[in-house]
**Student:** 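One structure is given below, represented as structure tokens, and several questions about it will come after.
Quick note: residue numbers are just sequence positions, from 1. If you're wondering where the values come from, they're calculated on a predicted model, not measured in any experiment.
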Amino acid sequence: QLSVVQKQTQYNQQLLDKLNKPHQFWETQPMPNINELDSLKPGPIQEGILEEVRKDPYNLISKFEWCNIDLRNDEQAQQVYTLLKENYVEDDDNMFRFDYSIDFLRWALLPPGQHPDWIVGVRVNQKLVGFITGIPVTLHIENQQTKVKMTEINFLCVHKKIRANRLAPVLIKEITRRVHIKNMWQAVYTAGIVVPTPISQTRYYHRSLNAKKLIEVGFSSLSARQTISRQQKLYKLPEEPKTQGLRSMKKKDVAQVTKLLNEYLKQFKLYFKYTEDEVKHWFLPRKDVISTYVVEKEQGVVTDFLSFYNLPSQVIKNPKHTHLRAAYSYYNVATQTPIVQLMYDALILAKNEGYDVFNALDIMENEKFLKELMFCPGDGQLNYYLYNWKLESNMLKPEEIGIVLV
Ligand SMILES: CNCCCN(C)c1ncc(F)c(N2CC(C(=O)NCc3cnc4ccccn34)C2)n1
């Protein structure tokens, strides 16, 4: 084992490296840097050459080895769950950490057309210590004609005990290689941190559903003049939704929901086009994972729908609560029902499903309901990234973003 002194020296050196050359890894990647933003022409930054793609995996330090994770296998799914539960994204004050469930991970990572070698793990003596994932998507960029088959990257995670080993850049390079070898050259991903070069900087908003719990876990705080009971009254919601014909989505709704969604998303500069199979996968309700409600008007016509996903956070140290139950706004299409009314019903439905807070980004048309429904801006910023693609416009406004990454 390295002596304490050696470890400290190694750590100090790594800090110095970071200070001297921040983003050392990202400068080697095809992402426009600040002064290229005006010179690069829109489209791919580097042309991919299939023959040049490395055929074998990147080298790992000894005792580390690559593995493909089969999330359908309970044991392997449990290993991923535990790695993320203990080592994935935390808030800046280390009070909360995401607790993605196994059912949620199967929903998020086993969509139609998934590639088994895009669920990538790194093990040391059978223990999972690193993880990164990709799923195949067709992204429409800035106009109808430009649609690009690419990967959506997510769940980059390195075990806390082996950070500063530069494993994250190797995980990124390896999944990039596995995408390139399938002749795909772009990626879309999000992150709470800023690395070169976001295409959009969006913000989280939170709507309190259980004011007392949010104060007890430290998610919300009371100012001098506020009391818990006054907060509860302020955020109180009716027992039942207002919209006539609002009900849980069923299989028979898939065709109409697909048409509504694809039509609705065309207004944005970044959006996916969905097949009926994909709508089945992403929107049919799954307990404790995804909730979708449709508005059915006279004899079977679906005019609107709302959806939100379940992403609890572990409350790291709290005498009374182990989890914060958070619902995240997914896709909402309002064609006949006013969007404020539809989202007010979403709050009521989420409250009745037991959520403590309802989160939404300021993307799509969300600005139209955030203030009126008493959402508060959070400290969390979510940056969107496109790998190896120069946009016509340097940055997109949040309301031009039509994709939600879980
Ligand atoms: C593709 N993947 C992106 C989604 C990952 N998502 C949901 C995420 N990425 C960065 C964030 F900033 C964030 N925020 C939700 C807001 C929030 O609730 N902040 C307090 C809080 C409660 N629990 C946690 C856990 C981690 C971080 C903040 N937490 C901020 N959400």
Side-chain angles (χ1 to χ4, degrees), residues 84 88-100 104 154-155 189-195 198-223 226 228 230-232 234-237 291 306-318 321-332 339-340 343-344 346-351 353-385 395-406:
L84 294 176
Y88 199 47
V89 182
E90 296 174 10
D91 66 306
D92 295 346
D93 303 327
N94 309 102
M95 290 166 63
F96 307 104
R97 188 164 56 238
F98 290 128
D99 187 4
Y100 286 89
F104 189 106
N154 206 340
F155 299 109
Y189 53 97
T190 60
I193 57 165
V194 183
V195 285
I199 57 162
S200 189
Q201 303 198 293
T202 71
R203 178 156 297 288
Y204 275 99
Y205 285 74
H206 312 284
R207 208 289 184 179
S208 172
L209 300 177
N210 180 346
K212 183 163 180 292
K213 166 111 179 248
L214 295 187
I215 289 153
E216 288 169 346
V217 300
F219 184 90
S220 312
S221 53
L222 287 177
S223 67
Q226 290 170 332
I228 287 189
R230 206 166 297 149
Q231 289 296 89
Q232 287 170 314
L234 177 68
Y235 290 114
K236 188 148 177 53
L237 291 163
S291 298
L306 65 93
S307 60
F308 49 86
Y309 62 84
N310 172 42
L311 172 50
S313 289
Q314 183 184 352
V315 184
I316 295 169
K317 270 192 300 301
N318 186 281
H321 303 287
T322 58
H323 283 83
L324 166 69
R325 275 191 282 277
Y328 285 76
S329 177
Y330 195 45
Y331 292 90
N332 308 292
I339 191 153
V340 171
M343 293 313 291
Y344 190 58
L347 298 177
I348 295 164
L349 292 162
K351 168 74 180 172
E353 288 189 24
Y355 290 98
D356 301 323
V357 65
F358 191 97
N359 292 337
L361 288 161
D362 55 356
I363 61 174
M364 294 192 270
E365 296 183 283
N366 294 357
E367 281 285 6
K368 291 177 182 167
F369 61 79
L370 290 171
K371 287 185 185 46
E372 191 164 345
L373 295 181
M374 297 199 289
F375 282 74
C376 299
D379 53 4
Q381 186 180 3
L382 196 67
N383 304 294
Y384 280 73
Y385 297 91
M395 290 281 269
L396 296 179
K397 297 192 287 287
E399 56 269 26
E400 293 174 323
I401 302 284
I403 59 173
V404 176
L405 274 58
V406 297

**Student:** Checking E90 now: which residues fulfil side-chain contact (heavy atoms from CB on, under 4.5 Å) with it, not counting sequence neighbours?
**Tutor:** N94, R97, K160, I316

**Student:** In a table with atom names and distances, give each donor-acceptor pair under 3.5 Å that connects a side chain of residues 307-314 to protein atoms at least two apart or in another chain.
**Tutor:**
unit_1: S307; atom_1: OG; unit_2: Y331; atom_2: N; d: 2.9
unit_1: S307; atom_1: OG; unit_2: Y331; atom_2: O; d: 2.6
unit_1: N310; atom_1: ND2; unit_2: D288; atom_2: O; d: 2.8

**Student:** Under the side-chain contact (heavy atoms from CB on, under 4.5 Å) test, which residues partner L234, sequence neighbours left out?
**Tutor:** Q231, M374

**Student:** Please enumerate all residues that pass side-chain hydrogen bond (donor to acceptor under 3.5 Å, both in side chains) together with K397, with sequence neighbours excluded.
**Tutor:** none

**Student:** Sequence neighbours left out, what passes side-chain contact (heavy atoms from CB on, under 4.5 Å) with K371? Give chain and number order.
**Tutor:** E367

**Student:** So, using side-chain hydrogen bond (donor to acceptor under 3.5 Å, both in side chains) as the criterion, who are the partners of E399 when residues are at least two apart?
**Tutor:** none

**Student:** Partners of D99 by salt bridge (charged side-chain N to carboxylate O under 4.0 Å, His left out), sequence neighbours excluded?
**Tutor:** K85

**Student:** Would you please name every residue forming a ring pair (Phe, Tyr, Trp, His ring centres under 6.0 Å) with Y100, sequence neighbours left out?
**Tutor:** Y88, F98, F104, F155

**Student:** Return the set of residues passing side-chain hydrogen bond (donor to acceptor under 3.5 Å, both in side chains) with S223 (not counting sequence neighbours), or none when no residue passes.
**Tutor:** Q226

**Student:** Please list, chain by chain and in numerical order, all residues satisfying salt bridge (charged side-chain N to carboxylate O under 4.0 Å, His left out) with E372, sequence neighbours excluded.
**Tutor:** none

**Student:** With sequence neighbours left out, write down each residue that passes side-chain hydrogen bond (donor to acceptor under 3.5 Å, both in side chains) with E353, or none if nothing qualifies.
**Tutor:** S291, Y293

**Student:** Apply salt bridge (charged side-chain N to carboxylate O under 4.0 Å, His left out) to K351 and list each qualifying residue two or more places apart in sequence or on a separate chain.
**Tutor:** none

